[in-house]
Amino acid sequence: MSRTGLVLAREGSQFRVDTEDGIVTAVLRGRIKRDDSRALVGDRVTLEQSGGDWAIATVAERTNLLERRIPGGRGTRPIAANLDQIFVMTAAADPEPIPQLLDRLLVLAESNDIPAAVIVNKIDRASGEGLIKRFEQVGYPVFPISVTTGAGLAPLLATLHSEVSLVTGASGVGKSSLLNVLQPGLTLRTGVVSQKEGRGRHTTVTAEMLPLDGGGYLVDTPGFSDVGFWGLEPRGLVQCFPDLQRHAEECRFPDCTHRTEPGCGVRAAVGTGVAEDRYQSFLTFLDELNTELRDWE
Ligand code: GDP
Ligand code: ZN
């Protein structure tokens, strides 16, 4: 007997797998255990049953991989696979939005090749107009909402019910409130992002996939920001800023770092196609990545 399913969680050597006939527990079949395509949360798998026990027989090719980069350039550790979208959530006010923190979370999504979108909550408190424009200019889908009044919620909830999503953002922006509207009683460890940087911390990052009653899945992983972009090639950073990347082809030098070189297309676009503070975020992260490289050498 065989079935297909989606890996929801791992507990030791046991995997919890969602199938069309309900949730089952499975172990890895011997052959899979030996190669490195170990099953991950989010993996689409085929299961085979022998003697009443389910075993994961195959793991489908992944569309993307959320990875934690290990400090010191010692590689990466996979956390979850096949995320459709990461929602970076902020409030229009209370707490005051921190654009650079949002940029950091967006770079994390980009560096893992996961599509990102921005939720601007509490539009009953402030219009959020500047923020909305800032991220729309980059090209991100933006969902202006108020969990309190219900404004703008319908399209966001419809999206969450049709995808595998991760919601992250600073504490106080309204994540729990949103999840409670999405599915009352749902509790997550997700995305409590500390305003201090997680650099150098060695927290254990695991993930779990929560099926939603109305369809879709939420990925729950504590301290998403701790995933870190350690180990990202400084030269690759510009590709994690779609607005800057659009102008990088106009640079005179192919190895332009977009800092001081003459004829830099990115710098030329600052103030027009590229917001001043987006470019500042880029410079800040670039310094961090370069400092890390030096620290490790
Ligand atoms: P979390 O830390 O991100 O999970 O944020 P919470 O969901 O706990 O929300 C923090 C506070 O913001 C709570 O007091 C909520 O009632 C409040 N809140 C959440 N959404 C809104 C909103 O759309 N408008 C307003 N005015 N307050 C909100
Ligand atoms: Zn340049």
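Order of listing sets the numbers, starting from 1, for every ligand and every atom in it. FYI, the numbering just counts along the sequence from 1.
For CD of Gln245, the number of neighbouring non-hydrogen atoms (other residues, nucleotides, ligands) closer than 6.0 Å is greater than 12. Within a 6.0 Å sphere centred on CZ of Arg16, heavy atoms belonging to other residues, nucleotides or ligands number more than 12. When the shell of 6.0 Å around CD of Glu11 is examined, it contains more than 12 heavy atoms from other residues, nucleotides or ligands.
The two atoms that bring Glu288 and Arg104 nearest to each other are OE2-NH2, 2.8 Å, heavy atoms only. Across all their heavy atoms, Ala117 and Phe143 have their closest contact at CB-CE1, 4.2 Å.
For the residue pair Thr159/Glu163, the side-chain donor-acceptor check at 3.5 Å is not satisfied.
The presence of a protein heavy atom under 4.0 Å from atom 13 (C) of ligand 1 is ruled out.
Considering backbone and side-chain N/O atoms, Gly172 comes within less than 3.5 Å of an N/O atom of ligand 1. When only interatomic distances are considered, the shortest N/O to N/O separation between Ser171 and ligand 1 does not fall below 3.5 Å.
Here is the list of ligand 1 atoms found below 4.0 Å of a heavy atom in Lys175: 1 (P), 3 (O), 4 (O), 5 (O), 7 (O). Taking every heavy atom of Arg125 and a limit of under 4.0 angstrom, the matching atoms of ligand 1 come to 26 (N).
With a 4.0 Å cut-off on non-hydrogen atoms, Asp124 touches ligand 1 through its side chain and not its backbone.
Distance from atom 19 (C) of ligand 1 to its nearest protein heavy atom, with residue and atom name: Ser177 OG, 3.4 Å. Scanning the protein heavy atoms around atom 5 (O) of ligand 1, the nearest turns out to be Gly174 N, 3.0 Å. Scanning all protein heavy atoms for the shortest distance to atom 18 (N) of ligand 1 gives Lys122 CE, 3.7 Å. Nearest protein neighbour of atom 23 (O) of ligand 1, counting heavy atoms only, is Val147 N, 2.9 Å. In terms of protein heavy-atom proximity, atom 25 (C) of ligand 1 is nearest to Thr148 OG1, 3.2 Å. Of the protein's heavy atoms, Asn121 ND2, 3.1 Å lies nearest to atom 20 (N) of ligand 1. Scanning the protein for heavy atoms near atom 8 (O) of ligand 1, the closest one is Ser176 OG, 4.0 Å.
Linking Ile, Leu, Val, Met, Phe, Trp and Tyr whenever their side-chain heavy atoms come within less than 4.5 Å leaves Val27 and Ile56 in two separate clusters.
For the pair Asp103 and Arg134, the salt-bridge criterion is met [side-chain N within less than 4.0 Å of a carboxylate O].
Ring orientation note: the planes of Phe241 and Phe282 are nearly perpendicular, at an angle over 60° on the 30°/60° scale.
Protein contacts to the Zn ion (ligand 2) involving N, O or S atoms at a distance below 2.8 Å are Cys251 SG, Cys256 SG, His258 ND1, Cys264 SG.
Checked by atom type and distance alone, the side chain of Asp18 never pairs as donor or acceptor with a backbone atom of Leu6 at under 3.5 Å. A donor-acceptor pair under 3.5 Å links the side-chain atoms of Lys175 to the main chain of Ala170, judged by distance alone.
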Residues Asn112, Ile86; criterion side chain to side chain contact (heavy atoms under 4.5 Å, CB included); working and verdict: CA-CA 10 Å; Asn112 287 286; Ile86 288 181; over 6 Å; no
